[in-house]
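Just the heavy atoms: all of them, side chains too, but no hydrogens, waters or symmetry mates, feed the values below.
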Amino acid sequence: MNTYALTPGEQSAGGKPTVFPLALADEKDMLPYLSMGMVAAYLRVYNDQALNIPFFIERVRIGGIPEHSLEEAYAGIAEAQRSICLLSSYVWNNHVNLAAAKDIKALAPNSIIIIGGPEVPKYVDETEAFLEQNPAIDIAVLGEGEVACAQILELLSQTDYSLDSLSDVEGIVFRGSDGWVRTGDRARIADINELPSPYLNGEFGTWFEGFTAAILETNRGCPYGCTYCDWGSATLAKVTKFEPARVNAEIDYIAKKGSQAVFVADANFGMLEQDIELAQTLVDAKAKYGFPGRIYSNFAKNGGRRLMTVIKTLHEGGLLEAGIIALQTTDDDVLKAIKRDNIKTSSYEKIMGYFNSENIPMASDIMIGLPGQTIDSLQKDLQFCFDWKVSANGNYTSMMPNAPMAEKSYREEFQIIADDDGMIASTSTFTAEDLMYMKCLYLTYQFHIPLGNLKYYLYFLQMEHDLQAIEVLRRWLDRVLEGDSRLSLSSRLYWEVFNPKGRTGDWGLLSWGDEAEFFFESFGDYLTEFHQFVVDEFGLVISEAEVATLLGAQAAVIRRLGRDYPHSIDLPHNVVQYFEQYRRVAAVSELEGNLKALRDFEPHTFTVNPFVKPGTNVRFVKRDGHSDSWELLSPLLFNQIKRKKAVAEEKSPMAEVSPT
């Protein structure tokens with residue numbers, strides 16, 4: 001039985017014209033079901049429910065994923081007296097919507113297709129070009145869609161579905177009888193609490209039971225105007241908020257339905273006072289229902305007490321692994337170019353100091369490919385993250401069609417060129433070759449530091465021998481690209497595991513399969529090779545005991561096939577006590593002049609004792625850019641809360657130290 005089949009009455013000649021809100025994507029987590037639900041819920045109540053008389057308004061349909069095909073979503077569209085189909089486009093599902101629009105027009109030539117969302121261009125001539133390229137689409141809605149769609153349907157029902165009647169509806173572009181018609185700009189909705197909740201009003205069917213990732217909207221608007229983002233450009237004004245009682249009820253609904261994760265779709269979650277209450281509600285829901293298990297969001301940029309409290313609440317409640325900050329870049333020239341220089345790096349430093357004092361690990365997004373950026377500025381950004389013990393998550397810059405960056409004069413000013421996928425390929429400050437190098441440098445950083453493969457060795461080099469970690473890695477990358485014969489394992493790691501030219505997408509998340517087995521079987525040899533490179537390249541002189549301690553500890557905390565656990569190793573110096581000094585400070589610069597040298601610590605036995613069976617392969621997929629899930633949990637890990645939790649639950653690897 002088709003989930004979405006219309007009733008016989010609706011299929012008959014006397015049936016009402018039908019509105020089909022379609023949330024389509026090719027991945028379940030990418031379905032724009034909330035935006036479609038918001039529109040559908042408002043259509044039902046608009047003007048004292050007036051639209052329910054001329055139309056039958058369907059509940060939200062999903063399609064394009066294995067559980068719900070596009071054909072299932074199309075059910076009844078051809079049979080309805082007239083079909084009005086609503087689509088919401090984001091960068092990740094726009095291709096599905098455009099294909100669906102063609103399908104629907106073929107099934108029902110007299111259907112009217114309305115599309116909105118941030119992937120629909122808003123700039124003059126560009127919206128028209130978009131519609132010209134996609135003739136199946138009749139109307140494009142620019143900006144918030146709830147009121148616009150209601151007004152469109154109201155006029156269509158009064159004028160025998162003449163598109164020419166829509167010229168008074170603000171914020172749309174449509175095909176008039178004499179060509180394209182662009183109406184005036186639409187003002188933002190003044191009171192978003194007039195919009196009903198699709199969760200609480202039953203807009204979602206049985207498909208929402210156990211939904212993998214639910215979306216929660218607690219406010220709208222963004223006070224910032226970063227040029228790479230269409231959020232501020234679309235809503236640059238006062239932030240408007242939904243009442244906490246409504247959002248609390250939605251959280252309860254989502255948790256009862258068993259959603260594994262919740263994405264808080266705000267531009268700056270943690271900016272408002274009510275966000276503290278909402279964070280606690282999320283934590284309470286997990287405690288009561290067991291769901292959600294994880295929270296994702298765009299957190300406030302200029303954080304203060306509210307953000308710190310929100311992060312701490314979510315972290316201690318088991319919903320957030322790390323304190324997320326939105327650095328993007330620390331370079332003054334880049335910040336000015338992207339109009340983000342009103343967000344001060346010093347604000348982040350205050351937050352990071354607080355997180356460290358609360359033992360909350362830190363992570364941040366770093367954008368790669370911004371106007372004004374150079375290889376040197378990216379190196380500076382990664383070094384800043386290393387110094388503050390922040391895990392940097394690389395995000396490759398895309399050209400969002402409604403971001404200020406996409407505006408013609410801005411593109412010309414910074415000589416921006418985008419590829420066919422809308423990703424930035426070059427600007428006035430970097431070439432395509434420079435961009436590839438920056439991506440390679442980020443992959444090099446990610447493998448060696450956030451994933452832990454050389455993290456502790458690099459901290460030692462920086463603090464005891466004044467060798468900045470990212471400079472060491474950049475020099476290593478240069479030698480690998482030059483084909484240095486001394487770096488045979490390094491070369492295979494780069495070309496076969498990193499495989500930079502074979503990676504696509506917006507995020508620089510490393511993953512590997514069985515092709516990496518050779519490397520981790522020879523991991524000890526790689527550590528020796530890298531150390532010898534540092535000796536030769538920088539003239540490093542350290543004792544054999546220090547080398548044995550550092551490389552031995554690094555090898556112990558990385559998974560190894562065939563290793564029996566508990567795994568113990570005798571080390572000449574107590575590396576755990578040594579790195580405890582690093583863990584205690586927010587920024588490693590605080591240790592300058594106060595660091596007790598590694599050579600001054602006594603010997604000890606380091607034991608790694610996972611509470612899981614040794615792995616049968618070395619495959620790894622980094623699904624979350626803010627996690628450090630490759631390195632085994634140990635007393636060395638700066639995230640001590642994570643280690644203690646693993647010990648308590650006896651589910652994840654841990655390591656313990658027994659003094660000699």
| query | Would I470 and F384 satisfy side-chain contact (heavy atoms from CB on, under 4.5 Å), going step by step from the backbone distance to the final call? | reply | CA-CA 10 Å; I470 310 305; F384 179 90; over 6 Å; no
| message | Keeping K439 on the side-chain end and K501 on the backbone end, is there a donor-acceptor pair under 3.5 Å? | response | no
| query | Should S35 and P32 count as side-chain neighbours, where that means a heavy-atom distance under 4.5 Å? | reply | yes
| field | Verdict with supporting geometry, M400 and V91, side-chain contact (heavy atoms from CB on, under 4.5 Å) | value | CA-CA 8 Å; M400 295 184 177; V91 64; 5.9 Å; no
| Are the side chain of E496 and the backbone of L493 linked by a donor-acceptor contact shorter than 3.5 Å? | no
| message | side chain to side chain donor-acceptor pair (under 3.5 Å), that's the test. Do Y526 and Q554 meet it? Break it down for me. | response | CA-CA 11 Å; Y526 172 72; Q554 281 287 175; over 6 Å; no
| L510 versus L443, closest heavy-atom pair with distance | CD1-O, 3.7 Å
| message | Can you confirm whether Y457 sits close enough to L551 that some side-chain heavy atom of one is under 4.5 Å from a side-chain heavy atom of the other? | response | yes
| task | Decide yes or no on side-chain contact (heavy atoms from CB on, under 4.5 Å) for L435 and M438, but give the supporting numbers first. | result | CA-CA 5 Å; L435 180 60; M438 287 191 281; 4.0 Å; yes
| Test item: L307 and M271 side chains (from C-beta on) under 4.5 Å apart, heavy atoms | no
| said: Looking at Q462 and A469, would you say the former's side chain and the latter's main chain have a donor-acceptor pair under 3.5 Å? | reply: yes
| Polar side-chain atom of R559 near backbone of L632 as donor-acceptor pair, under 3.5 Å | no
| Between Q383 and D387, is any side-chain donor less than 3.5 angstrom from a side-chain acceptor? | yes
| field | T431 and D434 side chains, donor-acceptor separation under 3.5 Å | value | yes
| query | Can you find a pair of side-chain heavy atoms, one from V588 and one from Y582, that are under 4.5 Å apart? | reply | yes
| task | Indicate whether any N or O donor in one side chain lies under 3.5 Å from an N or O acceptor in the other, for N395 and D365. | result | no
| said: In the structure I gave you, are the side-chain heavy atoms of Y296 and L320 within less than 4.5 Å of one another anywhere? | reply: no
| Does R479 come within less than 4.0 Å of E529, counting only side-chain N to carboxylate O? | no
| said: Before you tell me yes or no, could you show the steps for L637 and Y456 under side-chain contact (heavy atoms from CB on, under 4.5 Å), namely the whole-Å CA-CA distance, both residues' side-chain angles and the distance that decides it to 0.1 Å? | reply: CA-CA 9 Å; L637 198 67; Y456 304 106; 4.1 Å; yes
| message | Checking side-chain polar atoms at under 3.5 Å, does N359 have a donor or acceptor matched by the opposite partner on R583? | response | yes
| task | Take D331 and R340 through the test salt bridge (Lys or Arg N to Asp or Glu O under 4.0 Å) and record every step on the way to the result. | result | CA-CA 10 Å; D331 186 83; R340 195 180 167 91; over 6 Å; no
| field | OG-CZ distance between S391 and F386, expressed to the nearest 0.5 angstrom | value | 12.5 Å
| Is K455 salt-bridged to E631, cutoff N-O under 4.0 Å? | yes
| request: Report yes if the distance between the aromatic ring centroids of F355 and H315 is under 6.0 Å, otherwise no. | output: no
| message | Would you compute the distance between atom OG1 of T427 and atom CD1 of I416 and round it to the nearest 0.5 angstrom? | response | 7.0 Å
| Below 4.5 Å, heavy atoms only, C-beta onward: do L370 and T329 meet side chain to side chain? | yes
| field | Any donor-acceptor N/O pair, N298 side chain to N268 backbone, under 3.5 Å | value | no
| query | When you measure from the side chain of Q373 to the backbone N and O of G369, does any donor-acceptor pair fall under 3.5 Å? | reply | yes
| query | Quick one: does N93's side chain have a donor or acceptor within less than 3.5 Å of a partner on V96's backbone? | reply | no
| Do Y494 and W476 have their ring centres less than 6.0 Å from each other? | no
| query | Is the side chain of N134 donor-acceptor paired with the backbone N or O of F130 at a distance under 3.5 Å, no angle test? | reply | yes
| query | Is any side-chain N of the basic residue among D536 and R486 closer than 4.0 Å to the acidic one's carboxylate O? | reply | yes
| said: For W630 and W512, take the angle between the two ring planes, folded into 0 to 90°, and tell me which bin it lands in: parallel under 30, tilted 30 to 60, perpendicular over 60. | reply: perpendicular
| Can the ring centres of Y410 and F414 be said to be less than 6.0 Å apart? | yes
| said: Looking at E407 and R411, is there a salt bridge between them, counting it only when a charged N and a carboxylate O are closer than 4.0 Å? | reply: no
| request: Please tell me if the side chains of L378 and I366 come closer than 4.5 Å, counting only heavy atoms from C-beta onward. | output: yes
| task | Please confirm whether F533 and F530 have ring centers closer than 6.0 angstrom. | result | yes
| message | Would you call the rings of Y445 and Y442 parallel, tilted or perpendicular, taking 30° and 60° as the class edges? | response | tilted
| message | For M30, is there any backbone N or O sitting under 3.5 Å from a side-chain donor or acceptor partner on Y90? | response | no
| Think K408 forms a cation-pi with Y123, using NZ or CZ under 6.0 Å from the six-ring centre and within 45 degrees of its axis? | no
| request: To the nearest 0.5 Å, tell me how far Q446 CD sits from N453 CG. | output: 10.5 Å
| Nearest 0.5 Å, what's the CG-CZ distance between D266 and F299? | 10.0 Å
| message | For M423 versus S398, what's the shortest heavy-atom pair and its separation? | response | SD-CB, 3.6 Å
| task | Could you tell me whether F638 and Y459 have their ring centroids closer than 6.0 angstrom? | result | yes
| Q379/R474 under side chain to side chain donor-acceptor pair (under 3.5 Å): CA gap, chis, key distance, verdict | CA-CA 8 Å; Q379 178 176 341; R474 182 173 174 180; 2.6 Å; yes
| query | Short question: side chain of S491, backbone of S488 - any donor-acceptor pair under 3.5 Å? | reply | no
| query | Can you find a heavy atom in the side chain of F263 that is under 4.5 Å from one in the side chain of D29? | reply | no
| remark: What one should report as the nearest heavy-atom pair of A279 and V310 is CB-CG1, 4.1 Å
| Ring centres under 6.0 angstrom apart (F447, F519) | yes
